[in-house]
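The structure appears below as structure tokens.
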Amino acid sequence: LLELIEQIRTLQGSRFRNNNCGLIVDINKNIKIYGERHKLDRILTNIITNSLDAYKANKIKGDILIELSEDEEYYIICLSDKAGGIPKDVQSKLIKEQITTKGKDGTGIGIKNSNNLLVTAFNGKMTFESKENVGTTFYIKIPKDIVVEE
């Protein structure tokens with residue numbers, strides 16, 4: 001997971017610099033998530049890209065924080081930003097429908113597809129919390145039974 005995030009940081013480096021954003025990572029490097037790497041890459045990249053786009057659209061400088069937590073069943077990858085949050089009328093539809101807040105620049109399929117990938121490739125779950133004019137945290141939940149600690 002840490003290796004994958006560092007790869008995303010490298011590939012998205014110019015976007016981070018151009019938006020004056022940082023990526024803060026707090027993840028145990030000994031946890032390995034097994035599955036289709038490119039699919040987890042797509043899921044995380046989509047959420048990170050959305051955060052960068054929100055920072056840019058709102059003309060805010062800030063960081064994206066990626067942390068790993070756990071409960072009894074899941075390891076939970078938390079991606080948080082302070083980029084202004086998701087409008088209330090969009091929140092209830094975001095994971096279930098093709099919806100965008102980016103006007104003609106968005107397709108609305110990113111989060112829905114990311115959730116579908118998470119479910120089909122990892123038997124996972126996606127949830128989020130968002131406060132308008134503040135920020136958003138996405139929770140990527142991956143069952144522990146496909147995770148190995150070394």
Side-chain angles (χ1 to χ4, degrees), residues 1-13 15-16 19 21-58 62-102 105-132 134-150:
L1 180 59
L2 186 58
E3 182 182 307
L4 177 61
I5 291 169
E6 290 306 320
Q7 179 183 355
I8 293 169
R9 181 197 311 257
T10 299
L11 293 173
Q12 298 288 328
R15 293 197 74 210
F16 279 101
N19 291 310
C21 292
L23 183 64
I24 300 170
V25 181
D26 183 13
I27 290 184
N28 179 342
K29 67 180 181 178
N30 296 320
I31 294 175
K32 309 285 184 194
I33 297 176
Y34 292 91
E36 297 181 64
R37 179 185 174 111
H38 69 282
K39 290 184 179 178
L40 186 56
D41 180 13
R42 285 178 55 194
I43 294 164
L44 297 178
T45 298
N46 182 283
I47 294 169
I48 290 168
T49 298
N50 285 346
S51 290
L52 288 170
D53 289 346
Y55 276 121
K56 183 177 181 178
N58 292 315
D63 295 316
I64 299 168
L65 173 62
I66 303 178
E67 300 174 288
L68 184 66
S69 63
E70 64 182 292
D71 62 20
E72 288 186 17
E73 293 181 64
Y74 297 96
Y75 281 105
I76 306 162
I77 305 167
C78 304
L79 296 99
S80 301
D81 67 45
K82 300 287 186 203
I86 300 167
K88 278 266 192 226
D89 61 322
V90 173
Q91 290 182 27
S92 63
K93 304 172 189 175
L94 190 62
I95 292 177
K96 301 173 198 155
E97 299 178 24
Q98 293 183 359
I99 189 164
T100 184
T101 60
K102 299 177 189 177
D105 294 327
T107 63
I109 60 174
I111 295 297
K112 182 181 177 191
N113 280 349
S114 292
N115 184 61
N116 289 343
L117 277 175
L118 182 63
V119 170
T120 58
F122 296 95
N123 196 29
K125 297 179 181 181
M126 180 186 295
T127 59
F128 70 93
E129 295 174 346
S130 187
K131 186 171 181 183
E132 284 187 274
V134 179
T136 302
T137 300
F138 275 88
Y139 302 94
I140 307 301
K141 299 178 180 184
I142 298 176
K144 287 183 173 180
D145 62 1
I146 66 166
V147 176
V148 176
E149 281 195 58
E150 292 184 348

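Of all non-hydrogen atoms in Gln12 and Leu52, the two that sit nearest each other are OE1-CD1, 4.4 Å. Counting all heavy atoms, side chain and backbone alike, Ala83 lies closest to Ala54 at CB-CB, 3.6 Å. When all heavy atoms of Ser69 and Cys78 are compared, the closest pair comes out as OG-SG, 3.9 Å. Annotation for Gly84 and Asn58: closest pair CA-ND2, 4.1 Å, computed over non-hydrogen atoms.
The distance from atom CD1 of Ile111 to atom CD1 of Ile43, rounded to the nearest 0.5 Å, is 10.0 Å. Taking OG of Ser80 as the start and CD of Glu129 as the end, the distance is 8.5 Å to the nearest 0.5 Å. A distance of 8.0 Å separates OG1 in Thr137 from CG in Leu65, rounded to the nearest 0.5 Å. With rounding to the nearest 0.5 Å, the separation of CG in Leu68 from CD1 in Ile27 is 5.5 Å. To the nearest 0.5 Å, the span separating CD1 on Ile66 from CD1 on Ile8 amounts to 6.5 Å. Rounding to the nearest 0.5 Å places NZ of Lys56 at 7.0 Å from CZ of Arg15.
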Item to complete: Start with the C-alpha gap between Ile86 and Phe128, add the side-chain angles, then the distance that decides, and say whether side chain to side chain contact (heavy atoms under 4.5 Å, CB included) holds.
Response: CA-CA 10 Å; Ile86 300 167; Phe128 70 93; 4.2 Å; yes
Discussion item. Assess the residue pair Asn50 and Phe138 against the criterion (side chain to side chain contact (heavy atoms under 4.5 Å, CB included)); give the C-alpha distance rounded to whole Å, side-chain angles, the decisive distance to 0.1 Å, and a yes or no.
Written reply: CA-CA 11 Å; Asn50 285 346; Phe138 275 88; 5.8 Å; no
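A 4.5 Å side-chain heavy-atom check between Thr45 and Leu11 finds every atom pair outside the cut-off. When side chains are defined from C-beta on, Ile47 counts as touching Met126, because their heavy atoms get closer than 4.5 Å. Proximity of Lys125 to Tyr139: side-chain heavy atoms (C-beta onward) are nowhere separated by under 4.5 Å. The closest side-chain heavy-atom distance from Leu117 to Leu40 is not below 4.5 Å. Within the 4.5 Å cutoff, the side chain of Leu118 has heavy atoms near those of the Ile142 side chain. Annotation: side chain of Asn116 is in contact with side chain of Lys112 (closest heavy-atom distance under 4.5 Å). Looking at heavy atoms from C-beta onward, Ile5 lies out of side-chain contact with Ile48 at the 4.5 angstrom threshold. Counting only heavy atoms from C-beta outward, the side chains of Leu44 and Leu1 approach each other to under 4.5 Å.
A donor-acceptor pair is defined here as one N or O able to donate and one able to accept, closer than 3.5 Å; such a pair exists between the side chain of Lys144 and the backbone of Asp71. Judged purely by atom type and a 3.5 angstrom limit, Asp81 uses its side chain to pair as donor or acceptor with the backbone of Thr136. Although no hydrogens or angles enter the test, the distance criterion places a donor-acceptor pair under 3.5 Å between the side chain of Arg9 and the main chain of Leu23. Remark: the backbone N or O of Glu67 is not paired with any side-chain donor or acceptor of Asp26 at under 3.5 angstrom. Of the possible polar contacts, one joining the Tyr55 side chain to the Asp63 backbone as a donor-acceptor pair under 3.5 Å is found.
Taking a cutoff of 4.0 Å between a charged side-chain nitrogen and a carboxylate oxygen, Glu132 and Lys88 do not qualify as a salt bridge. Arg37 has a carboxylate O that lies under 4.0 Å from a charged side-chain N of Glu3, or vice versa, which qualifies the two as a salt bridge.
Within a 6.0 Å radius of CZ in Arg42, other residues, nucleotides and ligands contribute 12 heavy atoms or fewer.
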